[in-house]
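Notes follow the structure.
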Protein chains: 2
Amino acid sequence: MLISELAELTGVSARALRHYEDRGLLVPARDSSGYRDYSESDVTRVARIRAMISAGLGTAAIQRYLDCARTGDHGVSLEMCPDLRAELDSLAGRLNARQAELRETQQRLSELISVRG
Amino acid sequence: MLISELAELTGVSARALRHYEDRGLLVPARDSSGYRDYSESDVTRVARIRAMISAGLGTAAIQRYLDCARTGDHGVSLEMCPDLRAELDSLAGRLNARQAELRETQQRLSELISVRG
DNA sequence: GTATGGGTTCACGTCAGCGTGAAGGTCAAG
DNA sequence: CTTGACCTTCACGCTGACGTGAACCCATAC
C-alpha cells in the first residue's frame, strides 16, 4: 500500500513513516516508479514502533530491540533479548530522575509564587 | 571582578555568564582592555537568574521579570509585576502537563516490561 | 623575547522526532 | 494537454541553555 494509506490506517503522519525509514525501523519495498510499497504486516510494526516511542525509547534503541517485540492479546509486549532488560531498567531510572527534577522545579516555582515579595 | 572569579563564586560556568549577557540578563561593565568587570551585587543577581531558570522560566521571561525579584530571608521571592502572576500560572500549568505526560510514559514503559512476551 | 594562563568574539554542535516548504517526477481524470 | 493529487528526495526549522573549539588579544613571569 501507499504511504498515505499506511498513515491513514495507523494515524501516524507520512513524514513520521519516512523518518522511521531513515532510522532503519521500517524499510518498505519500492514499486516500479520508486513509490514506497508497504505490506499489511507493517501496520502492526508501526504499532510496535509507536508503543516503544511512547514508552520513551529512542529510535536507536528501538532498532536494536524492535524484533524482540510482538503484539499479543494484552497489547505490545517484548520477548526478552540479551541487554534489553538492562536497557529498559536504565530508561526507567532516567524517567524517575526526570520525574524528580520536575517535582523540584515545581517546588521551586511554587516557592517563587507563594513567598511573595 | 573577572568572569572566572564570578564563575567560581557562583558555580556557574563562564560560558553561561556570557550567555546571560547575550540574553540581556547580566550586562557587566568593561575595563580598559575590554574584559568584563562584574560587581559584588552580580553574585546575588546570578543567584536570582539561576533560581528562575531552575524554576523553569526561559531567559526571555527572566529578562522581563528579573527586576521584580529580590533576595529575602526565605530565598528568592518575586515582587509582583503586572502579568507576572499570569506568566507563572501558565508555567505551572505546562509543568503539570509535562508531569502528566511523564507519568503516562512511565506507565507505558512498565506495561512493556511487566506484560512479558 | 616568549611561554603561560587568562581574556575576547563568533558560530556551529548538542538532543530528537518529526513539521514544513522546495523542486520535481507519476498517474488517473477531464 | 492540463489540472490536481499523490509520490519522491533534500534539507532547514523547532525547543533552549549552554558546550566546544577556532582565531586572536592582554598581562605577568621567566
Side-chain angles (χ1 to χ4, degrees), chain A residues 1-38 42 46 48-64 66 90-91 94-95 97-98 101-102 104-105 108, chain B residues 1-38 42 46-64 66 87 90-91 94-95 97-98 101-102 104-105 108:
Chain A
M1 68 184 88
L2 292 173
I3 192 170
S4 62
E5 299 178 289
L6 182 60
E8 179 72 16
L9 280 177
T10 60
V12 173
S13 72
R15 176 66 182 90
L17 294 176
R18 293 191 184 97
H19 177 64
Y20 298 156
E21 181 171 354
D22 289 340
R23 301 292 114 184
L25 304 182
L26 180 64
V27 183
R30 300 291 183 132
D31 67 16
S32 58
S33 54
Y35 287 20
R36 271 166 260 254
D37 183 20
Y38 294 95
D42 287 333
V46 169
R48 282 200 290 264
I49 293 172
R50 288 304 314 170
M52 296 175 81
I53 285 182
S54 68
L57 285 163
T59 52
I62 294 177
Q63 186 183 14
R64 288 197 296 274
L66 182 55
S90 167
L91 174 58
R94 280 174 294 173
L95 287 181
R98 182 73 190 110
E101 281 178 33
L102 197 50
E104 282 274 314
T105 299
R108 286 197 270 264
Chain B
M1 71 183 87
L2 293 174
I3 192 170
S4 62
E5 300 178 288
L6 183 60
E8 178 71 16
L9 279 176
T10 60
V12 173
S13 73
R15 176 67 181 88
L17 294 175
R18 294 192 185 96
H19 177 64
Y20 298 157
E21 181 172 352
D22 290 340
R23 301 291 113 185
L25 304 182
L26 180 64
V27 183
R30 299 293 182 131
D31 67 16
S32 58
S33 55
Y35 286 20
R36 272 164 260 253
D37 182 19
Y38 293 95
D42 286 334
V46 169
R48 280 200 292 265
I49 293 173
R50 288 303 315 169
M52 295 175 81
I53 285 183
S54 68
L57 285 163
T59 53
I62 294 178
Q63 186 184 14
R64 288 197 296 275
L66 182 55
E87 185 107 7
S90 168
L91 174 57
R94 279 174 292 172
L95 287 181
R98 182 73 191 107
E101 283 178 33
L102 194 51
E104 282 274 315
T105 299
R108 285 195 270 264

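FYI, side chains are in, hydrogens and waters are out, and symmetry mates aren't considered; it's all heavy atoms of this structure.
- Residue B:Y20 places none of its side-chain N or O atoms closer than 4.0 Å to OP1 or OP2 of D:dA17.
- For B:E5 and C:dG6, the CD to C1' distance is 11 Å, given to the nearest whole Å.
- Distance, A:D31 CG to C:dC27 P: 8 Å, rounded to whole Å.
- Atom OH of A:Y38 is separated from atom CG of A:L9 by 12.5 Å, given to the nearest 0.5 angstrom.
- Side-chain proximity of A:H19 to the nucleotides D:dC26, C:dG17, D:dT8 is greatest for C:dG17.
- In this structure, B:R23 places its CZ atom 11 Å from P of D:dC18, rounding to the nearest Å.
- If A:E21 and B:L17 are placed on DNA chain D by their nearest nucleotide, the residue sitting closer to the 5' end is A:E21.
- Atoms CD (A:Q63) and P (C:dG17) sit 12 Å apart, rounded to a whole Å.
- We find that CD1 of A:I3 is positioned 12 Å from C1' of D:dT9, with the value rounded to whole Å.
- Residue A:D22 contributes atom CG, which lies 10 Å from atom C1' of C:dC18 at whole-angstrom precision.
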Can A:L2 and A:R36 be said to form a side chain to side chain contact (heavy atoms under 4.5 Å, CB included), step by step?
CA-CA 6 Å; A:L2 292 173; A:R36 271 166 260 254; over 6 Å; no

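- B:R18 comes within contact range of at least one nucleobase, with a heavy-atom separation under 4.0 Å.
- The base of C:dG25 sits within donor-acceptor range of the side chain of A:Y35, with an N or O pair under 3.5 Å.
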B:L26 vs B:E21, side chain to side chain contact (heavy atoms under 4.5 Å, CB included): CA-CA, chis, key distance, verdict
CA-CA 5 Å; B:L26 180 64; B:E21 181 172 352; 5.7 Å; no

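- Proximity of A:S4 to the phosphate of D:dC7: a side-chain N or O atom is located under 4.0 Å from OP1 or OP2.
- Between B:R36 and C:dG7 there is no side-chain polar atom (N or O) within less than 4.0 angstrom of OP1 or OP2.
- Electrostatic pairing of A:E104 and A:R98 does not count as a salt bridge here, judged by no charged N lying under 4.0 Å from a carboxylate O.
- Contact annotation: B:R30 side-chain N/O to D:dC26 OP1/OP2 distance is not under 4.0 Å.
- Remark: B:R94 does not engage B:E87 in a salt bridge, criterion side-chain N to carboxylate O under 4.0 Å.
- The separation between A:E8 atom CD and D:dC7 atom P is 11 Å, rounded to whole Å.
- Applying the salt bridge (charged side-chain N to carboxylate O under 4.0 Å, His left out) definition to pairs two or more places apart or across chains, none involves residues 4-19 of chain B.
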What protein N or O atoms touch nucleotides 19-21 of chain D N or O atoms at under 3.5 angstrom, if any, and at what distances?
{"residue": "D:dG19", "atom": "OP2", "partner": "B:S13", "partner atom": "OG", "Å": "2.9"}
{"residue": "D:dG19", "atom": "N7", "partner": "B:R15", "partner atom": "NE", "Å": "3.2"}
{"residue": "D:dG19", "atom": "O6", "partner": "B:R15", "partner atom": "NH2", "Å": "3.1"}
{"residue": "D:dT20", "atom": "O4", "partner": "B:R15", "partner atom": "NE", "Å": "2.8"}

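- For B:T59 and D:dG16, the shortest distance from a side-chain N or O to OP1 or OP2 is not below 4.0 Å.
- The backbone N or O of B:M1 lies less than 3.5 Å from a partner atom in the side chain of B:D37, making a donor-acceptor pair.
- Straight-line distance from the CG atom of A:D37 to the P atom of C:dT26: 17 Å, rounded to whole Å.
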